[in-house]
Amino acid sequence: MRKPGGSMDWHGAVNAWHVAGGVYRMGRREWLTEAGWQQAYDDGIRTVIDLRNAAEARRRSTDPVVGGAAWSGMTVVSAPTEEPNHPQFTAVAGPYLNDPAHYAENARLFPGKLVGVFKELAAASVRGGAVLHCAAGRDRSGMVAAMVQDLAGDSCQDIADGYRRAARGINERYRTHGPPHARERYLPEDELGPLLQSRGEAVAHFVRTLDTRAFLLANGLSVPELDAVLSLCGAARVKEPQ
């Protein structure tokens with residue numbers, strides 16, 4: 001069993017990590033090569049959950065050419081965590097989520113979207129492992145991964161460290177390949193270290209304040225679906241009332 005938080009060496013994958021049990025995370029799936037898809041399949045991945053909005057899910061000219069057969073044994077589903085251009089959300093977070101300080105607002109405005117992600121994880125549990133991805137593999141993936149870790153019983157330190165690993169991972173990508181647009185930039189360690197200290201703590205605070213199990217059940221996830229998610233992430237099932 002791979003230690004939770006370990007990096008995944010799927011060829012071409014950027015910012016790919018084990019979260020808990022059969023749940024993984026990474027940056028955009030278009031970075032994987034055909035060999036990378038085969039490696040992910042060999043590691044048990046059978047479902048790919050895309051957290052991006054539909055307009056973001058497109059191939060770039062620099063992405064590897066990959067035939068559809070590369071992921072023919074996997075189910076790819078779309079489960080965005082937010083509504084694009086929602087005025088209340090963009091007033092707080094800007095054009096997209098890129099700071100754990102805004103995770104709680106995301107949960108407040110879009111509880112159904114987050115429950116939708118966990119419904120997909122529940123459905124994925126019968127097929128095998130699942131990998132969550134957004135664009136950078138940092139904040140939308142980080143928000144959901146932190147909720148998964150909360151369900152799995154990880155400590156605040158483990159949850160904070162999970163965010164920090166992913167933030168460092170995409171920051172390294174920006175160092176070697178450049179950021180995708182002006183809102184992102186490579187941060188040297190003297191800036192990155194203090195920022196990740198506070199942001200990691202903010203991620204842990206978010207899930208502990210949210211109470212992931214209660215949030216999901218209150219917003220439409222059924223007990224059987226929650227049990228399926230808990231099984232997937234290696235956690236104890238919900239106790240039925242006596």
Here the gap from Met26 atom CE to Ser7 atom OG, rounded to the nearest 0.5 Å, amounts to 14.5 Å
Going by salt bridge (charged side-chain N to carboxylate O under 4.0 Å, His left out), name the residues that satisfy it together with Asp161, two or more places apart in sequence or in a different chain.
Arg164
Given side chains that start at C-beta, do those of Val229 and Leu232 come closer than 4.5 Å, heavy atoms only?
no
By the ring-ring contact (aromatic ring centres under 6.0 Å, His included) test, which pairs, at least two apart or in different chains, include something from residues 134-182?
Tyr96-His181
Tell me, do Leu216 and Met147 make a side-chain contact under 4.5 Å, heavy atoms counted?
yes
With Arg59, which residues qualify under salt bridge (charged side-chain N to carboxylate O under 4.0 Å, His left out), at least two apart?
none
Got a salt bridge between Arg52 and Glu30, using NZ or NE/NH1/NH2 to carboxylate O under 4.0 Å?
yes
Tell me the salt bridge (charged side-chain N to carboxylate O under 4.0 Å, His left out) pairs involving residues 61-70, sequence neighbours left out?
Arg28-Asp63
Would a 4.5 Å heavy-atom cut-off, applied to side chains only, mark Thr75 and Val77 as touching?
yes
Show every ring-ring contact (aromatic ring centres under 6.0 Å, His included) that has at least one partner inside residues 116-142, sequence neighbours left out.
none
List the residues meeting side chain to side chain contact (heavy atoms under 4.5 Å, CB included) with Pro224, not counting sequence neighbours, and say none if there are none.
Ser222
side-chain hydrogen bond (donor to acceptor under 3.5 Å, both in side chains): pairs with one or both residues in residues 114-126, sequence neighbours excluded
Lys119-Glu225
With a 4.5 Å limit on heavy-atom distance, are the side chains of Met74 and Val48 in contact?
yes
For Ala107, what residues pass the side chain to side chain contact (heavy atoms under 4.5 Å, CB included) criterion, not counting sequence neighbours?
Leu114, Phe206, Leu210, Phe215
Checking the side chain of Thr90 only, and the main-chain atoms of Pro95 only, is there a donor and an acceptor separated by less than 3.5 Å?
no
pair Trp10-Val131: side-chain heavy atoms closer than 4.5 Å
yes
How would you list all residue pairs meeting salt bridge (charged side-chain N to carboxylate O under 4.0 Å, His left out) that involve residues 126-139, not counting sequence neighbours?
Arg138-Glu184
Please list, chain by chain and in numerical order, all residues satisfying side chain to side chain contact (heavy atoms under 4.5 Å, CB included) with Ser72, sequence neighbours excluded.
none
Qualifying ring-ring contact (aromatic ring centres under 6.0 Å, His included) pairs with a residue from residues 61-94, counting only residues at least two apart or across chains:
Trp37-Trp71, His86-Phe110, Phe89-Phe110
side-chain hydrogen bond (donor to acceptor under 3.5 Å, both in side chains): which pairs involve residues 188-203, sequence neighbours left out?
Asp99-Arg199, Arg168-Glu189, Arg185-Glu191, Gln197-Glu201
Side chains of Glu82 and Leu97 in contact at under 4.5 Å (non-hydrogen atoms)
yes
